[in-house]
Amino acid sequence: MLREISKQLDTMYSVSESCSELCIRTHMSLDGNSMNFRFVQIDDKFSRISTTPNFSEWMACCTGSWKKAAPDIEKLAKLYGVEWDNENGALFLQFRRNEMSAAQAVMRMQQAIAVVCQLGPA
Amino acid sequence: MDAQALNSYIRQEIRKEVHSDRIELYLPFVFGNGTSDTLCLVWNKDGVLSDGGRTFKELKKRVGDLTPYSENIQNILTAHGMVTLESGHILTVRNFQTCICGDDTYTDYMAGLSRLLRVISQISIVDTIKVDEYGAVYVC
C-alpha cells in the first residue's frame, strides 16, 4: 500500500513545455478537470504562475459572473498573495525568485483555488 | 528555465519521505497568517492520511476560541465527505476512492490528498468565510 502511495506521489506535479510556455500539471482537479498552471519567467528577477482557461470556466459556472464576484475572489486570493485577472478570469501570482520559491508559489495558488473555487453565486 | 529545472525546483520543497511504516509529505503551506510554513501530512502503514492535528493547532493559535466557527467547520467537513475529524482535532482521510481505468482498478490516493488539502485550506481561514450546508463559501 505505501509503495502504491509513494508511486502516486511521484505524479503529484509534472512540468512540460508547450509553445515556449511551461505548464505545471497538478494533482488537483475540479469536476474531473485537472488544474494546471502556466509558468512564465518574466525577466531575470520575476516569474509568474497563472491558472488556465478551464479554471475560468469553473469560476463562471460557480459564481454565475466572475466579474460580479471579483471583490470576493480578490479578498480571498489576497490571503495567499495571489491576484485576480478580472478580464480573463484567472488567478495569478507574480513573484521575485529570490523571495519566493516555485514550490511556495505553486502551493499558494493551489490554496487560493481551494477556497475560491467554492464561492457561491455572486 | 526549462521544464526539467522547474520540476526539480518544485520537488525540492514539495517532497516525500518514505519509511517502512509511513510516508511523510512535506508542503510549504500558508496557515491563514500569510506566511509560508512547512505542513507535514502522513500516511500510516494502513494507508490512512492525516494532518496530525496541525490545522486546528495553527487555527487555535491564530484565533483562540473555535466555538464561533463550529458550524462553518462542520459544513466544510460535510461538504467534502472523504475528510473526517478524529479525536476532535485531527483531519483524516481513511476511505479513498476506487477508480476503474480500462481493466484496472486502483485506489486514487491523490484525489484523497487533494480533498484533504482543500479542507485544510478552508478550515485555516474559517474566520474570514461563511460556509453554508452545501459547502458554498461566502466572504464575511
Side-chain angles (χ1 to χ4, degrees), chain A residues 1-18 22-30 32 35 39-41 47 62-63 69 71-76 78-82 97 100-108 110-122, chain B residues 1-16 18-23 25 27-30 32-34 36 39 43-47 49 76 79-80 96 106-111 113-114 117-122 124-125 128-132 134-140:
Chain A
M1 192 184 296
L2 290 183
R3 198 178 300 166
E4 176 58 25
I5 294 169
S6 178
K7 193 172 129 197
Q8 288 189 21
L9 280 172
D10 289 338
T11 68
M12 258 183 95
Y13 300 98
S14 62
V15 184
S16 60
E17 189 160 351
S18 166
L22 295 180
C23 174
I24 302 170
R25 192 183 144 277
T26 78
H27 58 95
M28 196 178 202
S29 67
L30 289 175
M35 280 295 119
F39 176 95
V40 173
Q41 201 157 301
S47 296
C62 73
T63 62
D72 286 349
I73 298 171
E74 283 165 358
K75 193 171 175 188
L76 290 173
K78 197 176 170 188
L79 295 170
Y80 307 100
V82 173
R97 287 196 298 281
M100 188 183 294
S101 67
Q104 286 173 347
V106 164
M107 278 305 304
R108 282 172 179 265
Q110 286 194 262
Q111 285 188 254
I113 288 174
V115 177
V116 160
C117 77
Q118 299 274 164
L119 271 171
Chain B
M1 177 160 351
D2 63 15
Q4 198 174 350
L6 181 57
N7 201 43
S8 168
Y9 290 140
I10 292 171
R11 282 167 188 263
Q12 272 171 13
E13 242 180 297
I14 300 177
R15 67 183 206 287
K16 64 179 184 186
V18 181
H19 303 269
S20 56
D21 60 346
R22 71 191 185 281
I23 294 177
L25 177 66
L27 306 154
F29 201 83
V30 177
N33 61 1
S36 269
L39 168 66
W43 271 276
N44 69 13
K45 60 179 172 48
D46 299 318
L49 172 64
I76 291 168
H80 288 87
F96 294 85
Y106 68 96
T107 304
D108 190 350
Y109 292 103
M110 293 298 98
L113 170 64
S114 297
L117 285 172
R118 208 194 282 197
V119 167
I120 292 175
S121 296
Q122 290 181 22
S124 293
I125 59 158
T128 61
I129 55 177
K130 174 91 182 78
V131 184
D132 71 15
Y134 306 108
V137 168
Y138 299 90
V139 177
C140 286

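The chains referred to below are lettered A, B, ... by the order of the sequence lines, with proteins before strands, and numbering in each begins at 1.
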**Message:** Using only atom types and a distance under 3.5 Å, with no angle test, would you say the side chain of B/K16 pairs donor to acceptor with the backbone of A/D10?
**Reply:** no

**Message:** Has A/R25 got a side-chain atom pairing as donor or acceptor with A/S14's backbone, closer than 3.5 angstrom?
**Reply:** no

**Asked** Side chain, backbone, both or neither: which part of B/R22 has an atom under 4.5 Å from a heavy atom of chain A?
**Response** backbone

**Complete:** When rounded to the nearest 0.5 Å, the distance separating OG of A/S47 from CE of A/M100 is 11.0 Å

**Asked** In terms of heavy-atom proximity below 4.5 Å to chain A, should B/Y134 be classed as side chain, backbone, both, or neither?
**Response** neither

**Asked** In terms of heavy-atom proximity below 4.5 Å to chain A, should B/D108 be classed as side chain, backbone, both, or neither?
**Response** both

**A/E4 CD to A/L9 CG distance, which is reported to the nearest 0.5 Å** = 10.0 Å

**Item:** Contact leader toward chain B among A/M28, A/M12, A/K78, where contacts are heavy-atom pairs under 4.5 Å
**Value:** A/M12

**Complete:** Given B/V119, B/N7, B/D132, the one with more heavy-atom pairs under 4.5 angstrom with chain A than any other is B/N7

**Prompt:** B/S124 versus chain A, heavy atoms under 4.5 Å apart: side chain, backbone, both or neither?
**Reply:** neither

**Asked** Is a donor on one side and an acceptor on the other found under 3.5 Å between the side chain of B/R11 and the backbone of A/Y13?
**Response** yes

**Item:** Reference residue A/V116; test side chain to side chain contact (heavy atoms under 4.5 Å, CB included); the match among A/T63, A/I73, A/V82
**Value:** A/I73

**Request:** With a 4.5 angstrom heavy-atom cut-off, could you sort out which part of A/T26 is near chain B: side chain, backbone, both or neither?
**Result:** neither

**Asked** Quick one: what part of A/C117 sits under 4.5 Å from any heavy atom of chain B, side chain, backbone, both or neither?
**Response** side chain

**Fill in**
Hits for side-chain contact (heavy atoms from CB on, under 4.5 Å) against A/L2, two or more places apart or cross-chain, chain-then-number order -> A/I5, B/I23, B/W43

**Message:** Shorter than 4.5 Å, heavy atoms on both sides: which option in A/Q8, A/E17, A/Q110 has the most such pairs with chain B?
**Reply:** A/Q8

**Message:** Quick check for you: to the nearest 0.5 Å, what is the distance between A/Q111 atom CD and A/M107 atom CE?
**Reply:** 5.0 Å

**Asked** In terms of heavy-atom pairs under 4.5 Å, which option from B/S20, B/G34, B/S114, B/A136 contacts chain A the most?
**Response** B/S114

**Message:** To the closest 0.5 Å, what do you measure between CZ (B/F96) and CG (B/L113)?
**Reply:** 8.0 Å

**Message:** Can you tell me which portion of B/I129 sits under 4.5 Å from chain A's heavy atoms? Options are side chain, backbone, both or neither.
**Reply:** side chain

**Prompt:** Who pairs with B/L6 by side-chain contact (heavy atoms from CB on, under 4.5 Å), at least two apart in sequence or on another chain?
**Reply:** A/V15, A/L22, A/I24, A/F39, A/A102, B/M1, B/I10

**Item:** Toward chain A, the part of B/I120 with a non-hydrogen atom under 4.5 Å
**Value:** neither

**Asked** B/V18 versus chain A, heavy atoms under 4.5 Å apart: side chain, backbone, both or neither?
**Response** side chain

**Item:** Side chain B/E13, main chain A/Q104, donor-acceptor under 3.5 Å
**Value:** no

**Prompt:** Heavy-atom distance under 4.5 Å to chain B: side chain of A/Q41, backbone, both or neither?
**Reply:** side chain

**Request:** Check each atom of B/D46 against the heavy atoms of chain A and say whether the ones under 4.5 Å are side chain, backbone, both or neither.
**Result:** backbone

**Prompt:** Between A/L119 and chain B, which part of the residue has a heavy atom less than 4.5 Å away: side chain, backbone, both or neither?
**Reply:** both

**Asked** Considering only heavy atoms, which portion of A/S16 lies under 4.5 Å from any heavy atom of chain B: side chain, backbone, both, or neither?
**Response** backbone

